[in-house]
Number of protein chains: 2
Amino acid sequence: MESEELRNVGLKVTTPRLKILGLLENAKAKHITAETIYRQLGESGEAIGLATVYRALAQFEAAGLITRHQFEGGQTVFELERGPHHDHIVCVRCGRVEEFYDKVIEDRQREIAENFGFTLKDHALTLYGECNDENCLGRTG
Amino acid sequence: MESEELRNVGLKVTTPRLKILGLLENAKAKHITAETIYRQLGESGEAIGLATVYRALAQFEAAGLITRHQFEGGQTVFELERGPHHDHIVCVRCGRVEEFYDKVIEDRQREIAENFGFTLKDHALTLYGECNDENCLGRTG
DNA sequence: TCGCAAGTGAGAATGGTTCTCATCTTACAT
DNA sequence: ATGTAAGATGAGAACCATTCTCACTTGCGA
């Protein structure tokens, strides 16, 4: 249950936080902007302030419940942290986002960081390309 | 000569563009923000508007003369496109940026994109860690 | 149930970036 | 050299995502 998740990370269980977490879990798009969350909550009758959405997202991120991504050109999107780590491949035409995990790359990253004398804390890898999906092609004609 | 570079990409040769390009070439920090460019030009007596800096940078990027990076948490930085492609490793404490190229990773990226049916156009890979540099450690105590 | 620390909402503030528009330059043909 | 049209520039306004402020409300341990 979502209340558990909040309690576990030391956050008070409040209606806005529950709604936001719930939306994140049921969202059709896995990667979603703060604006979209705000708008969708509004549409479903929950009057939650935009500031609250941003605040909650920041706290969820700090608590490791969600991850923040800044794909090039677009707004910041948030994604529920479920399952193992992964990176993204984004279609530059239609915005479709797919996820992948590649052990070879992960391992190399660690080695590279070591070679530079860095302790690896995090990384951001995003591939940009054109997906040859029919719906995608349709959009650009 | 810089004038050549501008002409080659179809941009008129103007004083602001030459100055900005020149600064990019001689900057001590290879990765530099628009603000910094603006400020440094101002300090060296060149009154070039901030809007012009942004415009020029956008054009240089479109022309492939420079590359834009958005490291997490920070502002957008620009870097002269010289030499082969590379990715970055950034120290989350002191902001130091190092560059690297790794064939293994580059190859895997292409394969991954193919597996998803994407035509790879670009990618962004940045590693974040703590460099164990004395100057770095000094900053955080 | 109370009290208070913590959370919330509205709107103002911020800050990086882009736009507007009147004025100036470049590049090219004369 | 010079006129001219297309393009470039600078100042400041506008934008827009995000954060802050502050008066009010709520969750939750005592």
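Below, chain A is the first sequence line, B the second, and so on; all start at residue 1. The structure displayed is predicted, hence computed values, not measured ones.
- Within the nucleic acid shown, B:Ala47 comes within 4.0 Å of sugar-phosphate atoms alone, with no base atom in reach, counting heavy atoms only.
- Considering only side-chain atoms of A:Thr76, the nucleotide from C:dT17, D:dT18, C:dT8 that sits closest is D:dT18.
- Look at B:Arg7 and you won't find any side-chain N or O under 4.0 angstrom from OP1 or OP2 of C:dT26.
- Which of C:dT26, D:dG10, C:dT8 sits closest to the side chain of B:Thr15 comes down to C:dT26.
- Between A:Ile48 and B:Val13, the residue anchored closer to the 5' end of DNA chain C is A:Ile48, taking for each the nucleotide with the nearest heavy atom.
- Nearest to the side chain of A:Lys12, among C:dA5, C:dG9, C:dA27, sits C:dA5.
- Remark: C1' of C:dT18 and OH of B:Tyr38 are 15 Å apart, rounded to the nearest angstrom.
- Remark: P of D:dT18 and CZ of A:Arg39 are 13 Å apart, rounded to the nearest angstrom.
- Computed from coordinates, the B:Phe78 CZ to C:dG16 P distance equals 13 Å when rounded to whole Å.
- No side-chain donor-acceptor contact under 3.5 Å links A:Arg68 to the backbone of A:Thr76.
- At a threshold of 4.0 angstrom between heavy atoms, the contacts of B:Thr14 are confined to the sugar-phosphate backbone, with no base atom among them.
- The nearest pair of heavy atoms linking A:Glu72 to A:Tyr128 is N-OH, 2.9 Å.
- For A:Tyr54 and D:dT19, the shortest distance from a side-chain N or O to OP1 or OP2 is not below 4.0 Å.
- Between the side chain of B:Arg55 and the base of D:dG10, a donor-acceptor pair under 3.5 Å is found.
- Per the geometry, CD belonging to A:Gln59 stands 12 Å off P belonging to C:dA6, to the nearest Å.
- Distance A:Leu11 CG to C:dG7 P: 7 Å, rounded to the nearest Å.
- The pair B:Glu111-B:Arg108 meets the salt-bridge criterion, with a side-chain N (NZ, NE, NH1 or NH2) lying under 4.0 Å from an Asp/Glu carboxylate O.
- Whole-Å rounding puts the B:Leu18 CG to D:dT9 C1' distance at 14 Å.
- The two residues B:Leu65 and B:Glu5 come nearest to each other via the heavy atoms CD2-OE1, 3.8 Å.
- Rounded to a whole Å, the CD atom of A:Gln70 is 7 Å from the P atom of D:dT18.
- Across all strands shown, A:Thr33 has no heavy atoms under 4.0 Å from either base or sugar-phosphate atoms.
- Rounded to whole Å, atom C1' of C:dT26 lies 10 Å from atom CZ of B:Arg17.
- The residue among B:Ala51 and B:Gln75 whose nearest nucleotide of DNA chain C lies closer to the 5′ end is B:Gln75.
- B:His86 places a side-chain N or O within donor-acceptor distance of the main-chain N or O of B:Pro84, the cut-off being under 3.5 Å.
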